[in-house]
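The figures here come from the full heavy-atom set of this structure, side chains too, leaving out hydrogens, waters and symmetry mates.
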Amino acid sequence: AGAILVFDGERAWAPPHADVPFGARFQLRAWSYFLTVPFKLRDPGTHLKREGLHTLRSRLVNAARLTFDAGIGDSSADWYLLYADPRTQQLAALAYIVSYGRSRAEAEQAPHAVVFERHQRVQGVLLPVAWTFHEWNEAAGPHGEPTGSVRVSSPRFVPYDASWFEKEAGMVEDPAR
């Protein structure tokens, strides 16, 4: 069974003995970022630069690199390489590093990629609902058998209740690293 994790917009909370790789704060911010990255490209402190053609599934496709100003988010040393679907120009995949809690050089030793296999329109908003994770390198792009997958089931937008983001009794803060 999983653990309930809470992010109140500033702080992350988890049960005291939750086994959460990279910590609750990272998990709460990373997954939602992957889901919404197309909507984040013009946020303050972001920079998007065309990178020309890169390999995605044995095809050359347009790509762009997303970087951040120092102090933006928890991991401003991160970068993402975004791959465009040549037919739709939708985000088809992105390569990334995880510098959270480590240096950029350390993070660049283990780059990964997420490939967005399927999108679904949810109340007029196009969201990726089926993803696979892969190893990545500059020459081959995302490659090999998937190392993991995500399936978003029954996505919908609902009015939120502020109580969803309140720390529950016994939870401990997982501070930024």
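Not a single donor-acceptor pair under 3.5 Å links the side chain of T132 to the backbone N or O of P146. Between the side chain of N137 and the backbone N or O of A140 there is at least one donor-acceptor pair closer than 3.5 Å. The closest donor-acceptor contact from the side chain of D78 to the backbone of S99 lies under 3.5 Å. Judged by distance alone, the side chain of S32 and the main-chain N or O of R29 form a donor-acceptor pair under 3.5 Å.
Transitive grouping of hydrophobic side chains (ILVMFWY, heavy atoms separated by less than 4.5 Å) keeps L53 and V61 in distinct clusters. In this structure, V150 is a member of the same hydrophobic cluster as L82, with clusters built from ILVMFWY side-chain heavy atoms closer than 4.5 Å. There is a path of hydrophobic side-chain contacts, each under 4.5 Å, that joins F68 to F26. Grouping the Ile, Leu, Val, Met, Phe, Trp and Tyr side chains by contacts below 4.5 angstrom, directly or via other members, places W131 with V98. Note on Y100: it clusters hydrophobically with V37, by side-chain heavy-atom contacts below 4.5 Å among ILVMFWY residues.
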> Under the side-chain contact (heavy atoms from CB on, under 4.5 Å) criterion, do I97 and Q109 qualify, and how do the steps go?
Replying inline: CA-CA 9 Å; I97 62 168; Q109 296 300 308; over 6 Å; no

> For V125 and F157, what are the C-alpha separation, side-chain angles and deciding distance, and is it a side-chain contact (heavy atoms from CB on, under 4.5 Å)?
Replying inline: CA-CA 10 Å; V125 178; F157 294 100; 4.1 Å; yes

> So L94 and F34, side-chain contact (heavy atoms from CB on, under 4.5 Å) or not? Walk me through it.
Replying inline: CA-CA 9 Å; L94 61 93; F34 286 152; 3.9 Å; yes

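With ring centers used as reference points, Y33 lies under 6.0 Å from Y80. Checked against the 6.0 Å centroid criterion, the rings of W79 and W136 qualify as a close aromatic pair. Y160 has its ring centre less than 6.0 Å from the ring centre of F165.
Checking H47 against D69 by side-chain atom types alone, a donor-acceptor pair falls below 3.5 Å. Of the N and O atoms on the side chains of S163 and E166, not one donor lies less than 3.5 Å from an acceptor on the other residue.
For the pair D8 and K167, the salt-bridge criterion is not met [side-chain N within less than 4.0 Å of a carboxylate O].
For CD of E145, the number of neighbouring non-hydrogen atoms (other residues, nucleotides, ligands) closer than 6.0 Å is 12 at most. Other residues, nucleotides and ligands place no more than 12 heavy atoms under 6.0 Å from the CG atom of D19. Crowding of I4 atom CD1: a count of heavy atoms from other residues, nucleotides or ligands under 6.0 Å not exceeding 12. More than 12 heavy atoms of other residues, nucleotides or ligands lie within 6.0 Å of CZ in R151, so this atom counts as buried by the packing criterion.
The minimum heavy-atom distance linking H54 with A63 is given by the pair CD2-CB, 3.5 Å. Taking all atoms of both residues into account, the shortest heavy-atom contact from V152 to P128 is CG2-O, 4.0 Å.
A distance of 9.5 Å separates OG in S75 from CZ in R102, rounded to the nearest 0.5 Å.
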